[in-house]
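Numbers restart at 1 for each chain; the letters A, B, ... are given by sequence-line order, proteins then strands.
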2 protein chains.
Amino acid sequence: MGSIRDRRPPVMADVAKEAGVSHQTVSRVLNEHPNVRGETRARVLEAIEKLGYRRNLVARALVTKHSRTLGVVSFDTTLYGPASTVYGIERAARAAGYFVSIVSLKSIDRSGVRDALDYLADQAVDGIVVVAPQRSAAEALADLPVGVPTVAVEGGEAGDVSVVCVDQVEGGRLATRHLLSLGHETVWHVRGPSDWLEAEGRVAGWRAALALEGREAPEPLAGDWSPRSGYEAGRSLASMRDVTAVFVANDQMALGVLRAFTERGVRVPDQVSVVGFDDIPESEFFSPPLTTIRQDFGAVGRHSIEVLLRQIEGQGPWARERLVVPPSFVSRASTARP
Amino acid sequence: MGSIRDRRPPVMADVAKEAGVSHQTVSRVLNEHPNVRGETRARVLEAIEKLGYRRNLVARALVTKHSRTLGVVSFDTTLYGPASTVYGIERAARAAGYFVSIVSLKSIDRSGVRDALDYLADQAVDGIVVVAPQRSAAEALADLPVGVPTVAVEGGEAGDVSVVCVDQVEGGRLATRHLLSLGHETVWHVRGPSDWLEAEGRVAGWRAALALEGREAPEPLAGDWSPRSGYEAGRSLASMRDVTAVFVANDQMALGVLRAFTERGVRVPDQVSVVGFDDIPESEFFSPPLTTIRQDFGAVGRHSIEVLLRQIEGQGPWARERLVVPPSFVSRASTARP
DNA sequence: AGACCCGTTGTTAACGTTCACAGTCTTGCC
DNA sequence: GGCAAGACTGTGAACGTTAACAACGGGTCT
């Protein structure tokens with residue numbers, strides 16, 4: 001028995017003594033090594049229970065070189081998209097027995113991403129997921145800390161990391177095609193910031209769908225994802241004569257557009273049809289309920305962990321994968337025939 | 001020079017050899033111990049730079065017993081409130097030089113919280129922040145792993161952990177008082193789930209404000225924070241005759257209420273006034289823009305880290321603190337005189 | 001019967017850092 | 001000139017785990 005003042009948590013050696021075996025046998029039981037006699041295992045387990053032993057993961061990580069921790073670098077986890085993605089990542093990681101260490105960046109510039117990566121590398125993470133929706137972030141992945149498996153979510157082609165993303169181009173196409181199929185002459189677009197790859201993808205899909213039908217693409221209106229920027233774009237659109245259909249690059253901006261239209265007396269969908277992007281939980285209850293393109297953020301998170309674990313747990317040089325999650329069209333009440 | 005195939009990252013001993021000092025001196029330089037000669041320090045720093053040495057935080061944690069990692073347990077980080085709080089926590093923690101390890105729970109029941117806490121304790125976190133808005137989560141804090149400093153965010157009184165929270169009662173009062181002061185006879189309430197402390201607090205504030213003016217409190221309508229539940233409550237309210245003012249327990253449900261009113265032709269604020277809670281980024285662009293109660297989630301996150309670090313870095317038994325962040329009233333266009 | 005294998009267990013040595021302590025070399029001061 | 005105090009540096013031993021290897025016993029095969 002230890003002294004009364006022995007507040008030190010029990011270690012493997014204590015368990016070993018209690019069970020009358022060597023510490024190595026305890027280790028074997030803990031790691032489910034096959035070659036341990038059933039009775040011995042039971043005795044060890046009992047001793048563990050009795051002493052309330054918990055294995056020290058730090059010591060373990062020191063010798064195995066694996067921390068069973070994954071790093072996540074993300075941009076503004078307050079936004080619905082990143083928040084959902086990170087949530088999916090976290091759940092998938094924990095289900096696989098990994099911890100998740102998170103770094104949220106305020107602005108994603110090259111040095112910010114580099115710092116975050118270094119920070120995580122110091123902590124000896126086994127792998128890193130970078131939610132890198134901006135071009136600058138994607139570029140920062142080019143000069144990665146070698147040796148640490150990495151997956152980019154929504155990232156570009158830069159560097160040779162695996163990428164998991166939603167097919168933004170297809171999403172833009174879906175939205176635009178829907179509006180054209182209703183009979184609209186052309187479709188206007190309120191786009192996201194130009195340094196966001198997602199914004200570019202949606203623009204590209206919009207243009208492609210328009211081109212396919214031989215329609216002229218009007219000049220897109222610039223937004224920054226915020227409802228306010230959508231509101232301002234909406235005021236501009238409301239003052240134009242020939243606008244009958246608008247594809248807005250995310251639901252928050254679409255809300256702003258709807259608000260501006262309401263203020264100006266433009267009726268949706270009677271006079272103008274609006275399609276959003278993301279399918280945030282609120283969109284269904286906008287006035288009118290918003291037709292939009294759904295991104296399955298949960299799937300993106302799960303897949304990114306799958307790809308990452310394949311790299312971590314597989315051996316040898318990892319193949320660079322590219323996994324694309326398809327978006328889906330959600331029909332509601334904000335679109336109609338012109 | 002190491003061999004050509006020497007891919008092993010450099011350790012302290014390598015730096016020491018390179019600089020012609022002992023490993024302990026390298027350690028001293030790294031830890032900014034004062035008693036190192038300037039020239040020696042320079043030589044060590046140079047060697048570190050040359051070899052690209054990075055200190056192994058795992059080995060360090062093993063001996064110091066400090067991982068410089070904080071654990072965060074949260075419920076559904078997809079919701080705006082928790083997401084913003086966790087974001088604030090993460091930023092404040094990193095600014096203080098701590099890593100943040102996150103566990104998101106799907107449902108907060110007692111055993112779920114316990115598991116999460118154990119999980120984090122295994123990882124040897126230096127402290128834990130539990131975002132525990134539900135009664136059951138608050139209860140789970142009662143049987144905490146001893147020895148690990150813990151702070152509850154939005155938690156109740158249970159257990160003897162420090163608490164940082166927004167004054168929900170005051171928020172409920174603010175909303176209700178505003179409506180009464182406009183001249184409404186009474187104020188209806190769409191409440192949050194009954195196992196959420198925040199929901200209870202808002203109900204209490206609403207009742208208190210009503211009682212203060214000697215008004216009868218109508219039966220509150222139950223919601224679950226989702227826009228849909230707000231929508232359903234809104235339909236009920238729309239079918240009642242004497243409803244002129246509604247205080248909705250969060251902005252998402254308020255959106256649902258507005259939607260239901262719009263569908264039924266109930267004009268806001270002309271016929272009915274609506275006040276929300278949270279001030280999510282979207283509320284300003286609802287139709288009409290929503291009068292609401294703002295919670296400063298960022299401040300909550302920052303304060304929780306301050307309290308936690310005070311416990312970690314201070315010595316001796318920590319005093320149990322209780323820090324209350326005041327909510328604020330945001331006036332927009334969804335309220336008017338009856 | 002002896003060699004050999006395999007299941008089971010123990011012994012010893014890492015892993016890379018910090019801590020405790022013991023030196024050595026200055027420096028200042030009587 | 002000697003001595004104490006302090007600055008600076010080095011040595012050895014932790015921290016708690018897993019890896020590598022050795023040792024032992026009983027069974028099987030020849």
Side-chain angles (χ1 to χ4, degrees), chain A residues 2 6-45 47-48 51-69 99 121-126 147, chain B residues 2 6-45 47-48 51-69 99 121-126 147:
Chain A
D6 199 4
R7 279 270 160 273
R8 174 181 61 89
V11 298
M12 223 173 235
D14 300 326
V15 175
K17 190 185 292 180
E18 176 73 28
V21 297
S22 73
H23 64 113
Q24 176 64 329
T25 297
V26 177
S27 171
R28 277 192 271 253
V29 169
L30 252 22
N31 294 318
E32 289 171 345
H33 189 100
N35 293 350
V36 177
R37 198 148 46 98
E39 194 232 334
T40 311
R41 180 193 314 279
R43 230 174 39 241
V44 169
L45 256 21
I48 288 175
L51 300 180
Y53 168 77
R54 317 218 59 177
R55 112 169 99 188
N56 182 325
L57 292 184
V58 175
R60 175 180 219 209
L62 177 60
V63 52
T64 61
K65 311 277 190 203
H66 296 302
S67 57
R68 291 201 78 79
T69 296
F99 293 91
D122 269 2
Q123 212 203 12
V125 293
D126 294 345
Chain B
D6 199 5
R7 280 270 161 273
R8 175 182 60 90
V11 299
M12 224 174 232
D14 300 326
V15 175
K17 189 187 290 181
E18 176 74 29
V21 297
S22 75
H23 64 114
Q24 175 62 351
T25 297
V26 177
S27 172
R28 276 191 271 254
V29 170
L30 252 23
N31 293 319
E32 290 171 346
H33 188 100
N35 292 350
V36 177
R37 196 150 46 100
E39 194 232 335
T40 310
R41 179 192 315 279
R43 227 170 45 237
V44 170
L45 256 20
I48 287 175
L51 299 180
Y53 168 77
R54 319 216 59 175
R55 113 167 97 187
N56 183 325
L57 293 183
V58 175
R60 174 179 220 209
L62 178 60
V63 49
T64 61
K65 312 275 190 205
H66 295 302
S67 58
R68 290 201 79 78
T69 296
F99 293 90
D122 270 1
Q123 212 201 15
V125 294
D126 293 345

Margin query: Just the rounded figure in Å: distance from P of C/dG16 to CZ of B/R54.
Written below: 16 Å
Next item on the list: Calculate the interatomic distance between A/R68 atom CZ and D/dT18 atom P; express it in whole Å.
Entry: 13 Å
Proximal nucleotide (of [options]) relative to the [X] side chain:
X: A/V63; options: C/dG7, D/dT18, C/dG10; value: D/dT18
X: B/A59; options: D/dT17, C/dT17, D/dG10; value: C/dT17
X: B/V11; options: C/dG16, C/dG10, C/dT18; value: C/dG16
X: A/H23; options: C/dC15, C/dA20, D/dT18; value: D/dT18
X: B/V36; options: C/dT17, C/dC15, D/dT9; value: D/dT9
X: A/Q24; options: D/dT18, C/dT8, D/dT11; value: D/dT18
X: B/N31; options: D/dT18, C/dG16, C/dT18; value: C/dT18

Checklist line | Selection residues 15-26 of chain A - residue pairs positive for salt bridge (charged side-chain N to carboxylate O under 4.0 Å, His left out), sequence neighbours left out | finding: A/E18-A/K50
Next item on the list: Using modelled atom types only, decide if a donor and an acceptor are shared between the side chain of B/R43 and the backbone of B/A19 within a distance under 3.5 Å.
Entry: yes
Any [X] side-chain N or O less than 4.0 Å from OP1/OP2 of [N]:
X: A/R37; N: C/dT9; answer: yes
X: A/T64; N: D/dT18; answer: no
X: A/T40; N: C/dT9; answer: yes

Notebook entry, point to check: Of B/L62 and B/T25, whose closest DNA chain D nucleotide lies nearer the 5' terminus?
Noted result: B/T25
Next item on the list: Give one of base, sugar-phosphate or nothing for B/R55, where a contact means two heavy atoms less than 4.0 Å apart.
Entry: sugar-phosphate
